[in-house]
Amino acid sequence: MKAAVWHKARDLRVEAVEIPTLKDPHQVKVKVAACGICGSDLHEYSAGPIFIPVETPHPLSQQRAPIIMGHEFAGEVVEVGECVTRVKPGDRVAIEPILSPNKDGQYLMERYNLTPLLGFHGLSGGGGGFAEYTVVGEHMVHPLPDSLSYEQGALVEPAAVGLHAVRQSSLKAGDNAVVFGAGPIGLVIIEALKAAGASRIIAVEPSAVRRHKAADLGAWVVDPREQDAVEQVHALTHGGADFAFEVTGIPAVLNQAINATHAGGEAVIVSIWETEAAFQPNDLVIKERTMKGIIAYRHIYPAVIALMEQGYFRAEDLVTARIALKDIVDRGFEALLNDKSHIKIMVEP
């Protein structure tokens, strides 16, 4: 079969690889129908490795680069191990790609995303969604209702990041929030904030196309190139946001996110960072602000799927291009690096 294989930064190749087979009674073989290109994928392509194991194999996948990429995907179950009970061949599923210690079709940790062994199927070895077929554990598959397309299934993973970020914050219905960065994760955070009952949502984003997307989803928008973002947020919220979500990975924006909140406010850091970032601790101390980080998600796929059935996280609002696997480098990764009008590019293996 064909698969997109990461060899090193800026070296992603569509190659012929062996079709994977079941090697455990709790494994599931999936024919991939749609796989989104994630911001994490883009970081690995442009400046990796970050999650991709290079020197030593990942302790759970037992693989190292070169590895097949792709972790935002959905597809059809084509084969199951003899102990699998959650799904059967023919079922449509969304994949939860977290690699965390597991046994007999279950994650072992309650907060399995916080394991020191954390990895991702499609980033840390073991196969990936940028391929015709892949094999995952039973604990990683979630049935997809017939009312949701495979594209919607592929969007469950990024939507899970957004919903987890909001649920891990202290936000309550009626609070306001600002989102710094209106790329794919920023937009799903806006949707999650709407679902959580935020009274006013502000998006800070330099790209006109992405600002328009955020506005279409109901956010007030600020162009940080034309306005002082912190001042504008304070003006729009009459004194500072209750919550700020940082989704850019840009050091200067980290400071903006902190200072956009009022005294006692909370900043949630969602980005995966390529570099270190500095901030003035007094911006937290003197204002008694809180800053916290989140990684991925846990126990949240069913909630995301239920919200999708209500009309949240729509593919029509997020997918800006659909490409074949053979075009993944030029029309996928390079397009995302060079054209910030894109939101989510969906690959159809």
Could you check whether any side-chain heavy atom of [X] comes within less than 4.5 Å of a side-chain heavy atom of [Y], counting everything from C-beta outward?
X	Y	result
Pro89	Glu79	no
Met346	Cys35	no
Gln27	Val136	no
Ile189	Ile201	no
Pro349	Lys31	no
Ile345	Arg331	no

Ignoring hydrogens and angles, tell me if any N or O in the side chain of [X] forms a donor-acceptor pair with the backbone of [Y] under 3.5 Å.
X	Y	answer
Gln280	Asn282	yes
Gln152	Ala315	yes
Glu44	Phe51	yes
Glu132	Lys2	yes

### Query
What's the verdict on side-chain contact (heavy atoms from CB on, under 4.5 Å) for Glu205 and Phe180, showing C-alpha distance, side-chain angles and the deciding distance?
CA-CA 7 Å; Glu205 169 59 54; Phe180 283 84; over 6 Å; no
Answer yes if [X] and [Y] sit in the same cluster of Ile, Leu, Val, Met, Phe, Trp and Tyr residues linked by side chain heavy atoms under 4.5 Å apart, and no otherwise.
X	Y	answer
Val304	Ile95	yes
Tyr133	Val28	no
Leu108	Leu118	no
Ile328	Phe120	yes
Val78	Met1	yes

### Task
Could you tell me which residues satisfy salt bridge (charged side-chain N to carboxylate O under 4.0 Å, His left out) with Arg225, sequence neighbours excluded, listed by chain and number?
Asp223
### Task
Return the set of residues passing salt bridge (charged side-chain N to carboxylate O under 4.0 Å, His left out) with Glu15 (not counting sequence neighbours), or none when no residue passes.
Arg13
### Message
Taking side chain to side chain donor-acceptor pair (under 3.5 Å) as the definition, give me every residue that meets it alongside Arg322, ordered by chain and number, with sequence neighbours left out.
### Response
Glu151
### Query
What residues form a side chain to side chain donor-acceptor pair (under 3.5 Å) with Ser271, not counting sequence neighbours?
Glu246
### Message
By the salt bridge (Lys or Arg N to Asp or Glu O under 4.0 Å) test, which pairs, at least two apart or in different chains, include something from residues 184-203?
### Response
Glu191-Lys194
#### Entry: salt bridge (Lys or Arg N to Asp or Glu O under 4.0 Å): pairs with one or both residues in residues 276-292, sequence neighbours excluded
none
Above 12 or not: heavy atoms from other molecules or residues under 6.0 Å from [atom1] of [X]?
X	atom1	result
Gln62	CD	yes
Lys340	NZ	yes
Glu316	CD	yes

Test of understanding: with side chain to side chain contact (heavy atoms under 4.5 Å, CB included), list the residues that count as partners of [X], not counting sequence neighbours.
X	value
Ser61	His58, Gln63, Leu99
Leu117	Pro59, Leu60, Pro101, Thr115
Ala177	Leu171, Leu193, Phe243, Phe245

### Query
Should side-chain heavy atoms under 4.5 Å link Ile, Leu, Val, Met, Phe, Trp and Tyr, which residues sit in the same cluster as Val221?
none
### Query
Which ILVMFWY residues are connected to Leu254, directly or by a chain of links, through side-chain heavy atoms under 4.5 Å apart?
Ile258, Ile269, Trp273, Phe279, Leu284, Met291
## Note on the structure
In Lys103, His139, Glu138, the residue satisfying side chain to side chain donor-acceptor pair (under 3.5 Å) with His26 is Glu138
### Query
Do you know which of Gln168, Glu157, Glu96 makes side chain to side chain donor-acceptor pair (under 3.5 Å) with Tyr297?
Glu157
#### Entry: Salt-bridge contact Glu334-Arg10 (side-chain N to carboxylate O under 4.0 Å)
yes
### Query
Would you call Asp91 and Lys88 a salt bridge, using N to O less than 4.0 angstrom?
yes
### Whether His121 and Phe73 hold their rings parallel, tilted or perpendicular, with breakpoints at 30° and 60°
tilted
### Query
Please, which pairs that meet ring pair (Phe, Tyr, Trp, His ring centres under 6.0 Å) have at least one residue in residues 321-349, sequence neighbours excluded?
Tyr45-Phe333
### Query
Which pair of heavy atoms, one from Ser40 and one from Ile272, lies closest together, and at what distance?
OG-CG1, 4.4 Å
